[in-house]
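Before any comments, here is the structure.
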Amino acid sequence: MQQNQTIVRFWPEQASSLAVDVDLFYAAMIAVSLFFTVLIAGLVLYFSVKYRRREGDYRPPHVETSKKLELLWTIIPLFLVIGMFVWGAELYISKTYVPDNALNIDVTGKQWMFKFQHPNGRHEINALHVPLGQPIRLTIASEDVIHSLYIPDFRIKKDLVPGRYLTTWFQATKSEIGRASCRERV
């Protein structure tokens, strides 16, 4: 008899070729943000205690600033932010350009659902079955309201406005069903 075990996942299942790169990018951004948050909060607490107001007329001695130190703590975060921007831009561009041999699936957002129309005529509602290892191009449109197509396992999220067609792509690495969810905005 098997016991049900609850596994807490930080990210959804990685079911596409882009998922590893997207997860690594987000993990790096979270790590850098946490590092600087802890560093700055620690320094604020340390200096709050060290230079707190004392009894009487005591004033701490004046400390001269260092131009080298100020440049260092300005330039290092600048290069980190530029590096994260370039990394994110490369990831975005790689997700934007669809391979030529991609299988096209038309996606229509309707109120409370997504309809996936395959080239062979088969269609699915709020679930997507795709072949493994084949690049898949999604041509997405909204029929009625602003939609947000979100398939976490494939790391796909596109916001749709009625009257516009968007494309995105992925390549499935697992034979699981991609569950689509919609966050509508009327």
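Reckoned from all heavy atoms, side chains included, excluding hydrogens, waters and symmetry mates.
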- Message: Counting the benzene-type ring for Trp, do Phe116 and His129 have ring centres under 6.0 Å apart?
- Response: no

- Gap between atom CD1 of Ile156 and atom CZ of Phe170 - 0.5 Å precision: 4.5 Å

- Task: Scan residues 111-132 for pairs that pass salt bridge (charged side-chain N to carboxylate O under 4.0 Å, His left out), counting only residues two or more places apart or in two chains.
- Result: Arg122-Glu124

- Task: For the pair Gln117 (side chain) and Gly121 (backbone), establish whether a donor and an acceptor sit closer than 3.5 Å, ignoring hydrogens and angles.
- Result: yes

- Item | Between Thr139 and Asn104: side-chain donor-acceptor atoms closer than 3.5 Å | yes

- Query: Got a sec: does the OH of Tyr26 have more than 12 other heavy atoms crowding it under 6.0 Å?
  - Reply: no

- Query: Under the 3.5 angstrom rule, does the side chain of Trp169 hit a backbone N or O of Tyr97 as a donor-acceptor pair?
  - Reply: yes

- May I ask you to say whether Asp159 pairs ionically with Lys157, meaning some side-chain N is under 4.0 Å from a carboxylate O? yes

- Using the test ring-ring contact (aromatic ring centres under 6.0 Å, His included), find all partners of Tyr165 that sit at least two apart in sequence or belong to another chain. none

- Item | Pairs involving residues 75-96, ordered by first then second residue, that meet salt bridge (charged side-chain N to carboxylate O under 4.0 Å, His left out) (sequence neighbours left out) | none

- Message: Strictly distance-based, threshold 3.5 Å: is any side-chain N or O of Gln171 a donor or acceptor partner for the main-chain N or O of Gly133?
- Response: yes

- Query: For the side chain of Asp144 and the backbone of Gln111, is there at least one donor-acceptor N/O pair under 3.5 Å apart?
  - Reply: yes

- Does any donor atom in the side chain of Gln14 or Asp153 lie under 3.5 Å from an acceptor atom in the other side chain? no

- Item | The single option from Val130, Ile136, Leu138, Thr173 passing side chain to side chain contact (heavy atoms under 4.5 Å, CB included) against Phe154 | Val130

- Query: Counting only N and O atoms by type, is there a donor-acceptor contact under 3.5 Å from the side chain of Gln134 to the main-chain atoms of Asn101?
  - Reply: yes

